[in-house]
Each structure stands twice: as structure tokens, then as C-alpha cells.
Amino acid sequence: MVLDPRRPIDGLADSKRLSAARRERLAVQIRESALCWGLGRAEVAEIDRLNILQASLLAMRRAVAALGVVPGLALVDGNQDPQLSCPVRTIVGGDGLEPAIAAASILAKVARDEMMVRLDERYPGYGFSSHKGYPTRNHVGRLKVLGPTPVHRRSFRPVAELVRAP
């Protein structure tokens with residue numbers, strides 16, 4: 001995410017603190033106003049193989065690679081350096097402090113929510129569009145009734161327990 005300093009975006013904040021409707025409106029503005037932006041993700045098998053932290057760092061590297069330019073400095077939310085091709089500054093709580101990190105978190109959350117809606121259509125009965133993949137009581141309950149899908153991480157404890165169960 002490289003924001004255009006000549007086109008500031010009002011209302012950027014930690015994506016978790018914004019309503020879905022507000023995130024979606026901001027995502028449109030971000031995509032239109034940013035100098036460039038990119039999304040990165042890690043696949044289920046990669047998350048299971050690497051662990052959630054290492055897969056998140058991999059997704060960050062992919063997002064920066066998708067920019068098409070090498071930024072002069074990457075601001076990263078948290079305290080883990082993803083080992084990018086440019087200098088990195090980690091900022092704990094950065095999505096609430098830095099507009100570029102907030103914008104990136106908004107784009108990532110909107111993309112994930114859209115993916116969860118598509119998964120809900122593909123795997124009806126799991127409630128993906130409502131719990132968005134978070135381990136809510138409903139999510140875990142549906143897993144126990146229906147069993148895991150190919151998109152469920154085998155390293156996710158409720159799935160691992162179901163797979164191990166006799």
C-alpha cells in the first residue's frame with residue numbers, strides 16, 4: 001500500500017473498529033486514491049505447514065511484491081519483520097496509528113470478507129458469511145455437525161480434534 005500524500009483519505013482506522021459498510025466504502029476510496037496497492041495471501045496448506053505467523057509474513061511479502069514497485073520503507077503492523085526487499089519499520093498497533101497500515105488492513109479485511117461470502121456459497125451450512133472464519137461458537141458447532149471442508153486449516157484446534165477423533 002502506497003498512499004498518495006496529495007490525496008488523504010478521511011476516516012482511516014483499524015479495520016476491526018469499523019463497520020463492514022464503512023470498510024467497504026473506504027476500500028473503494030483507497031483503491032482509487034492510493035499510488036499502488038497489493039494483496040497477498042497464504043493458502044490453507046501453507047498455513048498448516050508454516051504456522052499462522054510465518055504464513056502471515058509470507059502473505060505480507062506477496063502483498064509487497066504485488067505492488068509492482070519497491071517502496072522506500074514498509075510500515076508493518078506488529079513486531080515481526082517479514083524480511084521484505086526494502087527497509088521495514090514494525091509498529092505495534094500500527095493499524096490504529098499509521099494511515100498506510102490502516103488502509104492495508106481495510107483492503108485485507110474487505111478481501112477476506114468477500115472470500116468468506118464466496119466460501120459460504122460453495123459450502124452452505126457452515127455460516128462462513130456470518131462468522132467470517134473466526135472461531136465463534138456457531139463456527140465450531142457447525143464444524144462438529146458437518147465436519148471440516150478442504151478450506152479448514154487442519155492446524156485449527158477444533159478441526160484437528162475432529163480429524164483425530166475416532
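This one's a predicted model, so the numbers in the text were calculated from it and none came from an experiment.
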Please enumerate all residues that pass side-chain contact (heavy atoms from CB on, under 4.5 Å) together with S15, with sequence neighbours excluded.
R23, S105, I106, K109
Hey, would you say the H152 and Y126 ring centroids sit under 6.0 Å apart?
yes
Per the salt bridge (charged side-chain N to carboxylate O under 4.0 Å, His left out) rule, which among R61, R41, R62 passes with E46?
R62
Any carboxylate oxygen within less than 4.0 angstrom of a Lys/Arg side-chain nitrogen, looking at K144 and E161?
no
Would you call L107 and L39 a side-chain contact if the rule is heavy atoms closer than 4.5 Å?
yes
Please answer whether the main-chain N or O of G96 pairs with a side-chain N or O of D14 as donor and acceptor at a distance below 3.5 Å.
no
Is it true that E43 and R49 make a salt bridge, defined as a side-chain N closer than 4.0 Å to a carboxylate O?
no
Lys NZ or Arg CZ of R112 over Y134 ring: under 6.0 Å, within 45°
yes
Any luck finding a side-chain donor-acceptor pair between T136 and H139 under 3.5 Å?
no
Taking NZ, NE, NH1 and NH2 as the nitrogens, is one of them in R17 or D95 under 4.0 Å from a carboxylate oxygen of the other?
no
Heavy-atom side-chain proximity of V28 to E32 below 4.5 angstrom
yes
For D48 and S155, test the side chains for any donor-to-acceptor distance below 3.5 angstrom and give the result as yes or no.
yes
